[in-house]
Structure formats: C-alpha cells, structure tokens
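One structure below.
Just so it is clear, the model here is predicted, and its values are computed rather than measured. All heavy atoms count here, side chains included; hydrogens, waters and symmetry mates do not.
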Amino acid sequence: MAKLEIQHLNKTYTPKVVPVKDLSFTVGKGEFLTLLGPSGCGKSTTLRLIAGLEQPTQGEVIIDDQVVTHKSAGDRDIAMVFQSYALYPHMNVYDNMASGLKLRKMTKADIQQRVTNASQTLNLEDLMHRKPGQLSGGQRQRVALGRALVRNPAVFLLDEPLSNLDALLREQVRAELKKLFEKQQTPVVYVTHDQTEAMTLSSKVAVLYQGELQQLDTPQRIYSHPANQFVAGFIGSPQMNLFTLRCDNQTAILGNTRIPLPAPVDETREIVLGIRPEHVSLATPTDTLTFPGKVGLVENLGMSNLVSLDVQGCDLTLRALLPTDQTWSGDEISLALSPPQLHWFDVQTQTRWLDP
C-alpha cells in the first residue's frame with residue numbers, strides 16, 4: 001500500500017535559519033495532506049526535502065516502507081507539480097507529458113497509452129499539438145498535472161500549483177483537482193498559503209508556523225477545535241476575535257458582561273477568549289451573553305456584512321459577520337455570543353484550554 005512517512009525531519013541552514021524543525025507525519029493511501037501556513041513557515045522547504053531536491057540535516061523520508069532520504073530525486077518515484085508549471089516551451093503538449101516517460105525508456109505504445117489516458121482525464125485531447133505559449137494559464141496547469149499523472153508515481157507533490165491563476169480560474173482548476181485526486185489512491189502532499197484550497201481539497205491539513213507543526217487534523221477539526229492561538233487566528237476568514245480577559249469569580253470579563261468559564265481557574269490569572277465573527281449574532285431578548293456597543297465600521301462582503309462593534313465598558317472591538325438582510329437603526333446595537341462556540345486558550349502557553 002502506498003504510504004509516505006516523514007520522521008523527525010529537520011533542515012538547518014545556519015543556527016538562526018532553521019526552516020523545518022522536527023517535523024513528523026504520515027500520508028496514507030488515497031490521503032490528501034495540505035501543508036498550510038504563512039510565507040516562510042517551511043512549507044516549500046518540506047516539499048523539497050520530500051522530493052529530494054534538498055537534503056535534510058536530520059530525519060528520514062520513507063516511501064512504501066523504504067528509506068529514500070539519501071536517494072536522488074529521480075530515484076524516489078515521486079511526481080512534482082511546480083508553481084511555475086516548468087513546461088518545455090519548445091515541445092507540444094504531447095511531448096511535454098511524455099518527456100519523463102521517454103527518459104525512463106518506456107515503449108512508444110506504453111507512452112501513448114498513458115498520455116492518452118491522462119489527456120482524457122484532464123480534457124486535453126484537443127490541445128496535444130499546441131505548445132505552452134499557445135495555452136492559457138489553466139491549460140498549462142493541466143498539462144503540468146498530466147505530466148505528473150502519466151508517471152503513476154508512489155507520491156504526488158504539488159507546490160502552490162494554483163497561485164499563478166486568477167480567482168475564477170483558480171476556483172475551476174481547484175474543482176478539477178478535487179475530482180481528479182478523489183479517483184487516485186496515491187498519497188498527495190500539497191503546499192499552499194490559501195485556506196480555501198486547504199479546506200476544500202484536503203483530507204488532512206498540517207498547519208506550520210516557523211518550521212514547526214502546530215496542528216495536524218481534518219479541515220473541520222482544525223476549524224472547530226484549533227490547537228492553539230496561532231491556528232485559531234490563522235484559520236478562518238474573517239479572522240477570529242481573540243481577547244485577553246481578566247478572570248474574576250469564575251468568569252471572564254468582556255466589557256460590562258461576565259462570561260462563565262468552563263472550568264475553575266486561579267482568580268489572579270488572565271485567559272484568552274476566541275470567537276469567530278460568523279458565530280456572533282444580533283442580540284435577541286432570549287440571549288444571555290450580550291454585548292452592547294457602538295458600531296464603528298460596516299464592511300459589505302456581498303452576502304454578509306462584517307460589523308465592527310466598539311464594546312461598551314472596554315476598548316475592545318468585536319467583529320461579527322451578519323447576513324445582509326439583518327438590519328438595525330442607529331449606531332448603538334447589541335451583539336450576542338453562544339457558549340458552545342467559544343474557544344479558550346491559556347494566556348501563557350497559548351494552547352487550547354478546556355472546551356465548554
């Protein structure tokens with residue numbers, strides 16, 4: 001069974017430049033793992049270490065139970081799709097897709113069969129005689145994917161393959177990618193800084209920050225149960241509200257409202273409250289956790305309004321994502337929170353505290 005294992009992978013350039021720190025994870029048969037994080041977090045370096053384009057300082061890369069850490073890229077049985085497509089400009093689509101197979105000295109019949117199958121899968125049959133300069137960005141990306149598919153590799157690696165496409169085309173190609181890899185049983189490692197790509201494509205997401213793994217879980221679990229403050233603040237758009245609050249009498253104080261804590265705490269401590277804007281609503285008479293204040297800003301996002309409320313009794317701003325059909329009069333309103341949708345984090349360690 002195809003499987004990729006990364007064990008305690010480290011990459012050090014200088015004592016102060018360590019892009020990958022003790023990284024471990026497994027990608028099994030048919031799994032799609034996305035490495036997600038901000039620029040400089042170690043995503044692409046990790047992919048290059050898996051591909052054999054760079055050598056790790058420590059750790060192992062294992063493919064199908066074979067250690068390939070010190071094997072060259074060509075001996076690892078991986079296929080990589082680059083951000084820049086990396087197509088040969090003087091070759092047509094057929095020859096670009098067949099180039100790797102020719103280097104492996106496969107027969108013409110086998111090459112033609114594999115290229116034909118891949119071109120049908122990717123709807124490239126009518127483009128086989130065109131050169132890259134005659135193709136759109138989306139078509140070039142499909143050719144690059146086709147060149148990887150014909151290899152029938154043990155592992156697929158994709159390095160921000162959609163970042164050069166405009167928003168509409170990115171959405172179309174993303175849908176094609178999802179359908180394509182749902183049919184594959186090969187492990188996929190995908191690098192992106194785009195949350196939408198990570199959440200829609202992946203069976204698992206690894207969130208990286210400063211070279212370290214912050215959380216490895218399903219997309220839904222990472223959204224609903226972020227492991228720490230970084231994940232909570234990075235995942236989600238608009239960004240989660242995060243407030244450092246004082247504790248008193250087993251409650252956290254936000255403005256003039258006391259929020260019951262899910263477990264006893266030291267009365268002298270502070271705690272971090274997280275609440276997603278989409279989980280904040282206009283207050284109704286039945287709501288218990290309400291926050292009056294003055295509307296500071298309303299941003300129209302099309303289907304919803306992002307409302308920034310200056311909370312009464314403090315200098316904090318609470319952001320809410322409200323449907324456009326919800327209206328109010330004046331600039332004084334009250335917003336409400338639901339206890340089951342609150343996130344709590346330790347102010348010292350920044351790790352997730354008890355759930356309500």
Side-chain angles (χ1 to χ4, degrees), residues 2 4 27-36 43-44 47 50-51 78-89 91-101 111-206 218-220 237:
L4 168 68
V27 190
K29 179 181 179 181
E31 287 188 329
F32 194 117
L33 172 71
T34 294
L35 304 180
L36 176 67
K43 306 183 300 293
S44 293
L47 206 70
I50 298 171
I78 57 97
M80 189 163 179
V81 179
F82 296 90
Q83 175 181 348
S84 61
Y85 317 136
L87 301 177
Y88 297 110
M91 293 183 183
N92 61 26
V93 169
Y94 182 95
D95 289 334
N96 263 286
M97 292 174 65
S99 58
L101 305 181
I111 291 173
Q112 184 170 6
Q113 183 63 48
R114 290 197 185 192
V115 173
T116 298
N117 290 341
S119 65
Q120 290 173 347
T121 300
L122 295 166
N123 296 319
L124 292 171
E125 300 102 312
D126 297 333
L127 306 175
M128 301 306 285
H129 298 294
R130 294 191 190 180
K131 292 184 178 179
Q134 300 171 307
L135 303 175
S136 68
Q139 290 168 337
R140 276 181 257 176
Q141 191 56 270
R142 279 188 281 153
V143 175
L145 286 167
R147 186 174 56 187
L149 282 177
V150 298
R151 295 273 309 277
N152 291 333
V155 178
F156 282 108
L157 306 178
L158 296 92
D159 189 7
E160 302 204 50
L162 309 184
S163 61
N164 287 337
L165 307 179
D166 62 52
L168 179 60
L169 191 54
R170 189 182 303 129
E171 185 175 331
Q172 294 171 348
V173 178
R174 187 176 71 229
E176 292 174 2
L177 274 177
K178 187 170 181 65
K179 291 178 183 177
L180 175 64
F181 284 108
E182 281 179 345
K183 300 175 184 177
Q184 302 289 322
Q185 292 302 305
T186 306
V188 179
V189 181
Y190 186 98
V191 162
T192 185
H193 62 272
D194 187 299
Q195 295 180 36
T196 302
E197 289 177 26
M199 302 297 275
T200 56
L201 288 171
S202 314
S203 54
K204 293 193 299 185
V205 176
T218 64
Q220 181 57 42
S237 181

Does any N or O in the side chain of Arg174 come within less than 3.5 Å of the main-chain N or O of Thr196, such that one atom is a donor and the other an acceptor? no
For the atom pair OG1 (Thr186) and CG (Asn152), what is the distance rounded to the nearest 0.5 Å? 7.5 Å
Once the angle between the rings of Phe32 and Tyr190 is folded into 0 to 90°, is it parallel (under 30°), tilted (30 to 60°) or perpendicular (over 60°)? tilted
Taking every heavy atom of Ile111 against every heavy atom of Ala98, the minimum-distance pair comes out as CG2-CB, 3.6 Å
With rounding to the nearest 0.5 angstrom, report the CD to CG distance, Glu160 to Leu47. 10.0 Å
Okay, side chain of Lys204, backbone of Val27: is any donor-acceptor separation there less than 3.5 Å? no
Any idea which heavy atoms bring Pro219 and Ser202 closest together, and the distance? CG-O, 3.5 Å
With respect to Leu35, which candidate in Val191, Val205, Asp159 satisfies the side-chain contact (heavy atoms from CB on, under 4.5 Å) definition? Val191
Considering all heavy atoms of both residues, which atom of His193 and which atom of Lys43 are nearest to each other, and what is their separation? N-CE, 4.2 Å
List for me each residue that meets side-chain contact (heavy atoms from CB on, under 4.5 Å) alongside Asp95, sequence neighbours excluded, and say none if there are none. Met91, Asn92, Lys102
Between Leu158 and Leu145, is a side-chain contact (heavy atoms from CB on, under 4.5 Å) present by the stated rule, with each step listed? CA-CA 9 Å; Leu158 296 92; Leu145 286 167; 3.7 Å; yes
Steps toward side-chain contact (heavy atoms from CB on, under 4.5 Å) verdict (Leu135, Val93): CA-CA 9 Å; Leu135 303 175; Val93 169; 3.7 Å; yes
side-chain contact (heavy atoms from CB on, under 4.5 Å) assessment of Leu87 paired with Arg147: CA-CA 9 Å; Leu87 301 177; Arg147 186 174 56 187; 4.0 Å; yes
Indicate the atoms forming the closest heavy-atom contact of Ala51 with Leu157, along with that distance. CB-CD1, 3.6 Å
Donor-acceptor pair, Thr34 side chain versus Leu36 backbone, under 3.5 Å? no
Got a second to check how far Thr200's OG1 is from Glu171's CD, nearest 0.5 Å? 9.5 Å
Where the side chain of Arg142 meets the backbone of Asn123, is there a donor-acceptor pair that is under 3.5 Å apart? yes
Let me confirm one number: the CZ-CE distance from Arg151 to Met80, rounded to the nearest 0.5 Å. 12.0 Å
Test item: Asn96 and Pro132 side chains (from C-beta on) under 4.5 Å apart, heavy atoms: yes
Distance-minimising heavy-atom pair for Val115 and Met128: CG1-CE, 3.5 Å
At their closest point, which heavy atom of Pro187 faces which heavy atom of Ala154, and how far apart are they? CD-O, 3.2 Å
To the nearest 0.5 Å, tell me how far Leu122 CG sits from Asn117 CG. 11.0 Å
Applying side-chain contact (heavy atoms from CB on, under 4.5 Å) to Leu127 and Val143, what does each step give before you reach the verdict? CA-CA 9 Å; Leu127 306 175; Val143 175; 5.9 Å; no
How about Gln112: does its CD atom have over 12 heavy atoms from other parts shown lying under 6.0 Å from it? no
Glu182 side chain vs Lys179 backbone, donor-acceptor pair below 3.5 Å: no
Are any of the side-chain heavy atoms of Leu124 and Met97 separated by less than 4.5 Å? yes
If you define the side chain from C-beta out and look only at heavy atoms, does anything of Leu4 sit under 4.5 Å from Leu33? no
Between CG of Leu180 and CZ of Phe156, what distance do you get to the nearest 0.5 Å? 7.0 Å
Less than 4.5 Å apart, side chain to side chain, heavy atoms only: is that true for Gln184 and Leu149? yes
